[in-house]
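Have a look at the structure below, then the notes.
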Amino acid sequence: MAGYRLRAFRDGDEVTEELAAAEWSLAATAADGTVAGWAWLRSWTEDDGVHLFLTQGHVRPADRRRGLGGLLLDASEAAAARLARQRRLGGTVMLGGNADDGQDDRTALLTGRGYTRVLTMVWMRRDASPVPLRGLPEGVAVRTATVDDAGALWRLAQRAWAGRPFVRLPPEDRLRDWLHRSDRSSFLVATAGERIVGFVAVQGDEVEDVAVDPDFQRRGLASALLTRALTDLGGPARLRTEGHDPAGARTLYEQLGFRVVSRHHRYRKPLR
C-alpha cells in the first residue's frame, strides 16, 4: 500500500513483551519513518489436536481506516502459511484473531476476511460484600496446596477439561514451577481421603482457575471452594470464563455475585 512499508523490528523500536515472545513479527512504517502499526504471530497445538496460528496487530489511531490493518493481516496470514509448510503441519490448522467489545474496526476486518466467531470469553467482577460459606460434600476436606500436589492437580485438570475445544493446558512442570513461585495460601485443594478432587487458585484479586474431578461434580464442591476462597480474599474479585457457559461455571459465578464487565471474542478460519 502506498505510503507504508513493512519491515522487521530493529533496535530502537518499542517492543512489548508479547512482541518479544512472538514467532514472527513486523512493523509498518509511514512515509516519515515512524511506526504506524505492527503485527505478530504465535502458534500452539490445542489438546484436541487443532494447530492454531494466532494473528495480532495494532494500527495507531491516525493511520486507521486507510487499509493498513488489512495489509498487516495479509502479511500475517502469509507468514502463517509459510510456517505451516516449513513445519509440515498435518491435521487441522487454523488462523485465529481476537477482538474485544468496542473494537469494531478489528471485528469488521476479521469477519470481512472470512473469520467466524467461535468463542466469547467474559471478564466478571464482584464487589467486596461477604459471601456465605457453602457446605462441603460429605467426606471432603479442604487444605492449601503444596508443590508436591502438582502431578495430581495436573491430572485432575486434564480430566475436568477432557473433550472441550479451544483448550491448551500447561505442562505439569510449568504448574509445578508456578506452585513453587506462588503464594500457595490462596490455592485451596479439596481432598477425599488421599485423593485430590478439586481446587481453586487465586492470585491477587483474580480467581485464576476452578476445577472439580468429574466424579465429584454436581455435588456443590465448586461453590464450596469458591466461597472459601472469596472469604479468604476479603475484597473485590475478578475472573474470566466462557461466555456461552458450557459447564455452568458462569451461572455459578453469577449466583455468587459476579457480573460481566467486558467480552473478548475469538475468531477463526481454516488456513488455506
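Here, residue 1 is the first one in the sequence, and each next residue gets the next number.
Once rounded to the nearest 0.5 Å, the distance linking CG of L72 with CG of L6 reads 6.0 Å. The CD atom of Q255 sits 12.0 Å away from the OG1 atom of T227 when rounded to the nearest 0.5 Å. Separation of atoms CZ (R155) and CG (L175) is listed at 11.0 Å; rounding is to 0.5 Å. The structure places CZ of R65 at 4.0 Å from CG of D105, a figure rounded to the nearest 0.5 Å. Atoms OG and CZ, on S262 and R238 in that order, are 10.0 Å from each other to the nearest 0.5 Å. From Q217, atom CD reaches atom CZ of R219 across 10.0 Å, with rounding to the nearest 0.5 Å.
Hydrophobic clustering of Ile, Leu, Val, Met, Phe, Trp and Tyr side chains at less than 4.5 Å, counting indirect connections, keeps Y253 apart from M121. Side-chain heavy atoms closer than 4.5 Å link hydrophobic residues (I, L, V, M, F, W, Y) into clusters, and following such links, even through other members, never connects V189 to L136. Residues L26 and L109 are members of one and the same hydrophobic cluster, defined by side-chain heavy-atom contacts under 4.5 angstrom among Ile, Leu, Val, Met, Phe, Trp and Tyr. Under the 4.5 Å side-chain heavy-atom criterion for grouping Ile, Leu, Val, Met, Phe, Trp and Tyr, L221 is not connected to L133 through any hydrophobic cluster. In this structure, V167 is not a member of the same hydrophobic cluster as V212, with clusters built from ILVMFWY side-chain heavy atoms closer than 4.5 Å.
Within 6.0 Å of the CZ atom in R7, the count of heavy atoms belonging to other residues, nucleotides or ligands exceeds 12. In this structure, R181 places its CZ atom where more than 12 heavy-atom neighbours from other residues, nucleotides or ligands lie under 6.0 Å away.
Remark: R184 does not engage D149 in a salt bridge, criterion side-chain N to carboxylate O under 4.0 Å. Checked for salt-bridge contact, E46 and R268 meet the test: a charged N lies under 4.0 Å from a carboxylate O.
Looking only at side-chain heavy atoms (C-beta outward), Q203 and D209 stay at 4.5 Å or farther from each other. For the pair D101/H265, a side-chain contact is recorded, criterion being any heavy-atom separation below 4.5 Å from C-beta on. You'll find the side chain of L153 reaches within 4.5 Å of the side chain of L179, heavy atoms only. Counting heavy atoms from C-beta on, the side chains of L252 and F258 never come closer than 4.5 Å. The shortest distance between side-chain heavy atoms of E206 and W123 falls below 4.5 Å. Side-chain contact between L52 and W44: present, with at least one pair of heavy atoms (C-beta onward) separated by less than 4.5 Å. Two residues are said to be in side-chain contact when any heavy atoms from C-beta on lie closer than 4.5 Å; R134 and L256 meet this criterion. Proximity of E254 to R259: side-chain heavy atoms (C-beta onward) are separated by under 4.5 Å at one or more points.
Residues T107 and D104 bring no donor and acceptor atom of their side chains to less than 3.5 Å of each other. D32 and T34 share a donor-acceptor pair across their side chains, judged by distance under 3.5 Å alone.
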Quiz: residues 78-99 side-chain donor-acceptor pairs under 3.5 angstrom, not counting sequence neighbours:
residue	atom	partner	partner atom	Å
R87	NH1	E23	OE1	3.0
R87	NH1	S43	OG	3.2
R87	NH2	E23	OE1	2.8

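Looking only at distances, a side-chain donor or acceptor of T29 sits under 3.5 Å from a matching main-chain atom of R5. The main-chain N or O of R10 is found under 3.5 Å from a side-chain atom of D13 such that the two form a donor-acceptor pair. Although no hydrogens or angles enter the test, the distance criterion places a donor-acceptor pair under 3.5 Å between the side chain of D245 and the main chain of A249. Using modelled atom types, one side-chain atom of R228 and one backbone atom of A224 make a donor-acceptor pair closer than 3.5 Å. A donor-acceptor pair under 3.5 Å is absent between the side-chain atoms of W24 and the main chain of A39, judged by distance alone. Between the side chain of R250 and the backbone N or O of G243, at least one donor-acceptor pair lies under 3.5 Å. Of the possible donor and acceptor atoms, none in the side chain of E242 sits under 3.5 Å from a partner among the backbone N and O of L119. When atom types are taken as modelled, the side chain of S186 and the backbone of V202 share a donor-acceptor pair closer than 3.5 angstrom.
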Take L41 and L54 through the test side-chain contact (heavy atoms from CB on, under 4.5 Å) and record every step on the way to the result. CA-CA 6 Å; L41 280 177; L54 176 64; over 6 Å; no
Under the side chain to side chain donor-acceptor pair (under 3.5 Å) rule, what do D148 and T146 come out as? Steps first, then yes or no, please. CA-CA 5 Å; D148 290 339; T146 69; 5.0 Å; no
Tell me, with the steps shown, if F53 and L271 meet side-chain contact (heavy atoms from CB on, under 4.5 Å). CA-CA 9 Å; F53 284 94; L271 176 61; 4.2 Å; yes
Go through the steps to decide whether L188 and D232 satisfy the test side-chain contact (heavy atoms from CB on, under 4.5 Å), and finish with yes or no. CA-CA 10 Å; L188 301 181; D232 290 346; 4.1 Å; yes
When you look at R195 and D215, which way does the salt bridge (Lys or Arg N to Asp or Glu O under 4.0 Å) test go after all the steps? CA-CA 11 Å; R195 179 181 176 185; D215 293 342; 2.8 Å; yes
Pair L230, R126 - check side-chain contact (heavy atoms from CB on, under 4.5 Å), show working. CA-CA 10 Å; L230 292 172; R126 77 179 304 277; 3.9 Å; yes
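Across every non-hydrogen atom of A211 and A160, the tightest pair is CB-CB, 4.3 Å. The two atoms that bring R64 and V59 nearest to each other are NE-O, 2.7 Å, heavy atoms only. When all heavy atoms are compared, the tightest approach of T55 to S76 is CG2-CB, 4.0 Å. Considering all non-hydrogen atoms of both residues, W154 and P171 come closest at NE1-C, 3.8 Å. Closest approach of A247 to R218, counting heavy atoms only: O-NH2, 3.9 Å. Minimum interatomic distance between L233 and G204 (heavy atoms only, all atoms of both residues): CD1-O, 3.3 Å.
Cation-pi check for R113 over Y115 is not met; the charged atom does not lie both under 6.0 angstrom from the ring centroid and within 45 degrees of its normal.
The stretch residues 163-202 participates, sequence neighbours left out, in these ring pair (Phe, Tyr, Trp, His ring centres under 6.0 Å) pairs: W178-F187, F187-F199.
The side-chain hydrogen bond (donor to acceptor under 3.5 Å, both in side chains) search around Q56 returns none, not counting sequence neighbours.
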